[in-house]
Protein chains: 6
Amino acid sequence: MKLSARNVFPGKVVGLRKGVTTANIKIQVAPGVVITSSITMEAARELKLKVGDKAFAIVKASEVIVGK
Amino acid sequence: MKLSARNVFPGKVVGLRKGVTTANIKIQVAPGVVITSSITMEAARELKLKVGDKAFAIVKASEVIVGK
Amino acid sequence: MKLSARNVFPGKVVGLRKGVTTANIKIQVAPGVVITSSITMEAARELKLKVGDKAFAIVKASEVIVGK
Amino acid sequence: MKLSARNVFPGKVVGLRKGVTTANIKIQVAPGVVITSSITMEAARELKLKVGDKAFAIVKASEVIVGK
Amino acid sequence: MKLSARNVFPGKVVGLRKGVTTANIKIQVAPGVVITSSITMEAARELKLKVGDKAFAIVKASEVIVGK
Amino acid sequence: MKLSARNVFPGKVVGLRKGVTTANIKIQVAPGVVITSSITMEAARELKLKVGDKAFAIVKASEVIVGK
């Protein structure tokens, strides 16, 4: 499946923290560029996410703020 | 100002496309990692964004989808 | 690719309106259930979206408000 | 109140999972179409959400990704 | 309809800018507090939004970044 | 740093609720206007947020729904 989301970055899971309903995942997509994602625990379980996994960080362009 | 947003990446503006109310900005944050942002034209004007500028791409963790 | 997004609905493109930087897409996912999406024109062009196409509407759980 | 959100779907609560600060709600809006929402526990308590309730799933068009 | 969104602020439309697919609306919710919203033109037309109208600005808690 | 986000409101932290992975913060930005934010606990810790702190509530225009 091809996505309209402009930002689809392949990387590796380098961090994972589980709560009751929410999990925080860290995906390294380049040296020094680690993207943090907050997803439902249900999703984390379904994707069987664990540190070391290959994964994609996906962000819609409308969610990106620019700073200068 | 320090932000709660987990994803604040410094980079360089490498693309800019202006519409009537919306602008699309491309910020390169690492070799091969270009983040696309969609912001209001009002914001693009206020920040005086142009290709070559240093800029930050900022994304809240709750906006990041994980793919596997 | 499997997505963490909890809402991935297959459907058919039933409407498409193009602006300068933004396009509005309507995807019917069930009888009487049409999901409207606003994406960049760049994405609409890349996906070659047109009325009648099969497509998915994808929404992260954290983006869904509940009304009662 | 009428909302600018393009996606306002009436349905029925078919699932509810509570965490400390976050709750996950599932709303069936058509046969085979269940929308998952992640909201604050404060909101879940205020709306007194429980399985079987009539509820709306509401999504802004800019939050919908298209896949093809 | 009661919303799970934690932020529902009554105010008055003080600005309106229309594009092809997107409109930018400014709603004053308190002295010195003007909230800017970017919505589809389709929504702006349906709500018949114009300067001077009473309106609500609605934001889900998960969309709010904290700065310090 | 200047932000493209159209909504940057200075205020004071008037509430704070911590979960395992997520924290809910309330920031008063005007008399009668309290903005609720849901952020990662990691962010809450890094910003050392506590009741009484000065803080900003930041929202991208594309995240604001209009009601009428």
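Just so we're on the same page: letters track the sequence lines, and every chain starts at 1. What you are looking at is a predicted structure, and each value in this text was computed from that prediction instead of being measured.
For residues 18-30 of chain C, heavy-atom neighbours of chain E at less than 4.5 Å comprise C/Lys18, C/Gly19, C/Val20, C/Thr22, C/Asn24, C/Lys26, sorted by residue number. Listed in order of number, the residues of residues 48-55 of chain C that approach chain E to under 4.5 Å between heavy atoms amount to none. Annotation: residues 56-68 of chain C contacts chain E through C/Ser62, C/Glu63, C/Val64, C/Ile65, C/Val66, C/Gly67, C/Lys68 [non-hydrogen atoms, separation under 4.5 Å]. Chain C is approached within less than 4.5 Å, heavy atom to heavy atom, by no residue from residues 9-16 of chain E.
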